[in-house]
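Working notes, beginning with the structure itself.
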Amino acid sequence: MTLLILIIVLALIFDYINGFHDAANAIATVVATKVLTPFQAVVWAAFFNFLAYWVFGFGVADTVAKTAHTMEINLVVILAGVIAAICWNLLTWWLGIPSSSSHTLIGGFAGAAVAHAIAVHGFSGYVGEDGATHYWYEIVSWYKAGKDGGMPSGVLIIIAFIVLAPLLGALASYLISIWLLNASRKSIGPKIFTIALMLATIWFVYVQMVSYEEIVEHGKPRFDSHFWSVVFDSHNIKWFLVAFIILTVSAFCLIFSSLNLHQADAALKKMQLLSSAAFSLGHGGNDSQKVMGIIAAAVAVYINTNPGVHMDAWLDVVLPNDDAGIKGVMPSWIPLACYSAIAAGTLSGGWKIVKTMGSKITKVSSFEGVAAETAGALTLYFTEHLKIPVSTTHTITGSIIGVGLTKRVSAVRWGVTVSLIWAWILTIPISALLAGMVYFILSVFI
């Protein structure tokens, strides 16, 4: 039990470090454009990091918890993964490199699990409980097909989004920038497009809504009232936010051409508060869930390695299993603690990375800030819906590159960008190797 408590404490410390390591993702553009002072910006971002507790479900947490097969590992594996993730996060923060805290954690977890499999079974095959022959590398959940044609999961999908997340962010921010640029012209075409987009958004979000009957079927409603239960269901809130973001930008586009330069800049700065808040919500919802997943995995491993043990209600965690029809259970203190830790970390700031994100990639104005943060937020909401733990760092960096490309290719400082990409590529393998070494060291003493 002592080891389990230590893992939970270290996981929350990692969450805190994640907060100040990734604070730049949400506040870099509002600080660079002087919409908020650095202190105001971190308070703003931290508030919405915590607010994400009431918005997002636990889909990403479930994906992270199943990075390795919990029936085949022990608590030393998870401890080694968390220690390695903390070390790599602190190093990249010290060097001012906006690496991915998400991939650090997943790489550490997977690397320690592989080291454990090699230590126990060696490189040759072994017969598992199912009577089949298995190998050391199978301890990691590399790929799992989606249920009923849904989105597949596994470490390979997460690795694929090292490339896809920034590309999606860049594409979204580029398209939003083009949309805003055309909306500034006094012609009817952009306004027709904007109205059509508003109608399409309303229809799409309405289709995505979960009814009261479905809420009752899948869990307890938050309120006695049917109306408020539907409005404040975490799935529905997320889509309401998507609609609110797109409709707000659309409303601005409809009046953009009638504003003078000063009025347009003032309006864009106000919209930056909205886009920054939206991205902070996505950051809190995405990154906090990863630590929730690690804690859930640790409890599951503790139960597996101590059969018959009686768990107190505060540690009554059950990982969901769709194949067996088992619904997940997570005590409310775990998400609450994780969201609090990341919000506290964000309050601490991360000024070296703020400088990299806010000025070294491309010069950012209020216009670019709105486009980049809006694109980043929408990308995070959609990937969270697909239960994919993507990097908020990669997403916002791609979004900033996307708005830079609307000016000219040379507007992006590609030397800085290439250095960042190398950091992204190396994060998972380095974290995995570091976690493997930490596992072998810890195994000597534990």
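Atom set for the values below is all heavy atoms of this structure, side chains included, hydrogens, waters and symmetry mates excluded. Throughout, residue positions are numbered sequentially from 1 according to the sequence presented.
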Tyr302: what forms a side chain to side chain donor-acceptor pair (under 3.5 Å) with it, not counting sequence neighbours? none
Ala300 backbone acceptor or donor facing Asn304 side chain under 3.5 Å: yes
Hey, does the side chain of His116 reach the backbone of Glu72 with a donor-acceptor pair shorter than 3.5 angstrom? yes
Which residues share a side chain to side chain contact (heavy atoms under 4.5 Å, CB included) with Ile246, sequence neighbours left out: Leu197, Thr201, Val242, Ser250, Leu378
Donor-acceptor contact present, side-chain Ser173 to main-chain Ser399, <3.5 Å: yes
For Asn89, what residues pass the side chain to side chain donor-acceptor pair (under 3.5 Å) criterion, not counting sequence neighbours? Ser101
Whether Asn236 side chain and Val210 backbone form a donor-acceptor pair below 3.5 Å: yes
When you measure from the side chain of Ser431 to the backbone N and O of Ile428, does any donor-acceptor pair fall under 3.5 Å? no
Qualifying ring pair (Phe, Tyr, Trp, His ring centres under 6.0 Å) pairs, either residue in residues 367-389, two or more places apart: Phe56-Tyr381, His235-His385, Trp239-Phe382, Trp239-His385
Partners meeting side chain to side chain donor-acceptor pair (under 3.5 Å) with Trp136 (sequence neighbours left out): none
Trp44 side chain to Ser280 main-chain N or O, any donor-acceptor pair under 3.5 Å? no
Checking Glu384 now: which residues fulfil side chain to side chain donor-acceptor pair (under 3.5 Å) with it, not counting sequence neighbours? Lys238, Gln289
